[in-house]
Amino acid sequence: MQVLDRLRRAILLAALSLFAVAGAAAGERFITVASTTSTEQSGLFDYLLPKFTQASGIKVRVVALGTGQALDLARRGDADVVFVHDQAAEEKFVAAGDGLRRQPVMYNDFILVGPKDDPAQAAGQDIAEGLRRIAAARAPFVSRGDKSGTHAAELRYWQAAGIDLDAIKGPWYRDTGSGMGAALNTAAALDAYLLADRGTWLNFRNRGKLSILIAGDRRLFNQYGVILVNPARHPEVKAADGQRFIDWLVAAAGQQAIAAYRIGGESVFFPNAAE
Amino acid sequence: MTMSGWLRLEALGLNENGARLLNPVNLTLTAGRTAILGANGAGKSTLLRLLHGLLRPSEGRLIWPTPLSQGMVFQRPAMLRATVLANVEYGLKIRGVESAERRRRAAAALAQVGLGDFAKRPARRLSGGEQQHVALARVWALEPQVLFLDEPTASLDPASSREVERIIGDIAAAGARIVMSSHNLGQARRLAEEVIFIDHGAVLEQTPAAEFFKQPGSEAARRFLRDEMP
Amino acid sequence: MQEFAASLALAAHLVSAGDARLAGIVSLSLGVSLGATLLACALGMPLGAWLAIGRFPGRHTLIVAFNALMGLPSVVAGLFLYLLLSRAGPLGGLGLLFTPTAIVIAQTFLIAPLIVALTRQLIEDAWQEYREQLRSLGARRTRAVATLLWDGRFSLSIVGLAGFGRAIAEVGAVMIVGGNIDGVTRVMTTTIALETSKGDLPLALALSLILIALVMGVNLFAALLRAWAARRWG
């Protein structure tokens with residue numbers, strides 16, 4: 001039965017290696033945070049999380065998705081904390097009993113990015129006016145189209161501009177269904193306009209001819225909130241450790257760390273938990 | 001026992017996809033060394049495979065008055081990617097023979113075919129003739145009571161053929177009944193006591209070897225002997 | 001072309017500097033893909049051999065099903081496994097989502113059909129050659145399956161290699177069930193995807209080059225092994 005023995009040994013080896021990789025990560029105290037691609041790709045977490053781990057001994061595992069997906073994930077109980085930026089969706093999440101309490105953490109701002117030569121003459125201080133000009137010129141525009149916080153914001157701005165997107169959508173409007181970085185890559189390749197969050201933009205390398213055309217409009221304000229997933233609904237949620245992370249974020253230590261994070265000397269996020 | 005023979009075929013026949021591969025035939029095998037003769041495609045291999053149980057008859061039946069252990073050697077032996085010794089041990093392993101005993105019997109069988117020094121060689125790297133020797137050792141190690149051989153020397157050079165013939169003679173002398181297909185008349189003459197002649201899927205005669213070679217009973221056999229004579 | 005040279009230099013630098021993070025990602029990639037390959041081979045090869053030589057009702061349906069599964073989009077497999085492993089899903093209690101084990105399961109799931117189909121083809125051919133001989137020697141089907149698998153071990157190593165290649169190149173399902181968590185489930189492909197979306201194309205390309213070099217190294221090793229085996233065993 002030499003052959004069957006060998007087969008059995010191969011199966012055993014496979015099972016062992018399975019345990020080996022699983023074991024490497026086991027026994028560690030951690031929470032899972034569902035967050036957004038914009039936060040991860042801005043580099044904030046790389047800076048922030050080690051500080052929390054040092055203070056608490058709790059590791060933070062971040063799954064970065066669009067805000068809509070992150071909330072869906074948490075709704076199924078696959079995360080302990082959500083850290084996202086779409087206030088309306090967050091409030092709905094809490095109201096439905098999926099999360100406990102929404103706490104504001106920080107803000108940054110959205111920017112309208114486009115080709116430097118600005119063929120639609122969209123540059124300025126007014127996001128609504130800028131979008132109207134892009135639509136009038138039928139200039140290429142890239143949309144995230146992925147139910148993310150940035151996508152939700154973009155749709156609000158079109159509405160504010162008085163434009164019925166469904167009525168005038170054409171080939172110029174590219175609904176890419178992708179994350180912030182992928183959408184930026186697409187826009188850079190097409191010399192298109194798009195709405196981005198400042199954090200991802202500052203950390204983005206492949207800019208091509210793109211530059212910031214509209215910033216500073218009060219409506220471009222982008223608030224981030226943090227919510228503990230409701231442990232009554234999902235008993236596996238690590239409520240104590242999750243709450244500890246939230247408390248740290250909104251207390252002085254976390255707020256100062258957020259303020260201290262810079263890319264190329266520029267501040268990216270502005271703590272505002274106290275407001 | 002001798003009267004009833006060690007194997008009886010009762011109206012044994014084979015059809016495949018509407019083609020008749022073997023006409024129903026009644027035979028009783030009594031001889032210790034039988035040669036199945038006939039031209040290429042006459043149905044020699046088919047008959048051997050039916051006898052060995054590799055093919056299932058579509059009609060009639062085989063009767064073994066006493067169950068006998070069997071082995072078969074093919075025209076082209078299939079060697080496993082393993083040593084010569086492992087190839088010879090394989091059949092013993094299947095029969096649950098314990099490992100030291102297995103090794104002993106395999107080594108003895110290899111010595112009997114003159115390949116005692118080849119035990120550790122990879123079997124598939126041997127020449128065709130050497131592989132056929134390994135095949136004989138492999139079957140001999142099982143000490144079969146009946147040995148079927150399908151054209152065992154058809155693809156070998158004359159020297160290897162002679163060697164293989166000698167070994168077949170040794171196995172017969174050790175007590176195994178031999179049933180061998182061949183179209184080599186000299187070989188059949190040297191080895192067989194009895195000849196079964198088959199032509200176009202029909203068994204035409206079963207004759208003692210001496211008589212067959214002197215005066216075959218069928219016209220087809222006479223033609224076959226004339227064509228095959230050197 | 002200039003970008004490519006820059007990435008090549010960066011790849012060389014990353015490797016020679018022995019970057020600990022890179023080493024962690026590479027060893028995780030190798031570990032999970034190797035685990036998935038072994039697991040898929042242990043399950044898929046006997047199954048493939050059984051499909052090759054067995055005769056039972058439903059065999060053809062199974063063969064067609066496995067052939068079709070080979071074309072399963074990785075995202076679909078990922079989604080299916082996510083729903084299965086999610087805390088709200090039937091296997092949620094195991095707590096496997098977003099762990100390396102989840103990646104191993106996803107990769108196993110994706111490459112097993114490939115291994116079954118390729119093994120079946122190989123063993124079917126070998127069965128043609130060996131069937132009468134093995135039956136004559138008294139081997140029953142289970143024994144024949146084991147014998148043919150062992151006899152075809154060198155050809156089957158290529159099958160395993162094809163599986164490993166697909167496993168380590170896998171991104172869609174791995175992203176979904178692994179979550180691309182830094183230091184836990186971030187493997188080479190998801191890192192490449194992440195760096196691409198950060199717009200750091202030189203780094204993404206450098207990592208891709210390292211991945212390609214790894215896969216080529218494994219293939220080279222297998223080719224040498226096979227050449228040696230062909231010379232040794234015929």
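A note on names: the letters A, B, ... follow the listed sequences, proteins ahead of strands, and every chain is numbered from 1.
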For [X], is it the side chain, the backbone, both, or neither that has a heavy atom closer than 4.5 Å to a heavy atom of chain C?
X	result
A/L73	both
A/V33	neither
A/S178	neither

Interatomic distance, OG1@C/T99 vs CZ@A/R61, rounded to 0.5 Å, equals 8.0 Å
Can you tell me how far CG of A/N185 sits from OG1 of C/T196, rounded to the nearest 0.5 angstrom?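 Here the interatomic distance stands at 7.0 Å.
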Does atom [atom1] of [X] have more than 12 heavy-atom neighbours from other groups under 6.0 Å away?
X	atom1	answer
A/K92	NZ	no
A/K238	NZ	yes
C/R232	CZ	yes

**OP:** Report yes if some heavy atom in the side chain of C/I181 is under 4.5 Å from a heavy atom in the side chain of A/V63; otherwise report no.
**Re:**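 Yes; the side chains approach each other to less than 4.5 Å.
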Are side-chain heavy atoms of C/S197 and A/M180 found at a separation under 4.5 Å?
no
For C/K198 and A/F204, work out which heavy atoms get closest and say how close.
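Taking C/K198 first and A/F204 second, the nearest heavy atoms are O-CD1, 3.2 Å.
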Scanning both residues in full, the closest heavy-atom pair of A/R205 with C/G199 reads CB-O, 3.2 Å
Please rank [options] by heavy-atom pairs under 4.5 Å with chain A and give me the top one.
options	result
C/G89, C/G95, C/G179, C/G92	C/G179
C/L203, C/L201, C/T185	C/L201
C/L85, C/N180, C/L83	C/L83

Original post:
Using non-hydrogen atoms only, which part of C/I176 is less than 4.5 Å away from chain A: side chain, backbone, both, or neither?
Top reply: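 It is neither, since no heavy atom gets under 4.5 Å.
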ask   = Ion pair present between A/D78 and C/R87, side-chain N to carboxylate O less than 4.0 angstrom?
value =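 Looking at A/D78 and C/R87, the cut-off is not met.
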| task | Flag the pair C/D182 and A/K59 as a salt bridge only when some basic side-chain nitrogen lies within less than 4.0 angstrom of an acidic carboxylate oxygen. | result |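 A/K59 and C/D182: not salt-bridged.
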Specify which of A/H234, A/R207, A/Q41 makes the most heavy-atom pairs with chain C at under 4.5 Å.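 Ranked by heavy-atom pairs under 4.5 Å with chain C, first place is A/Q41.
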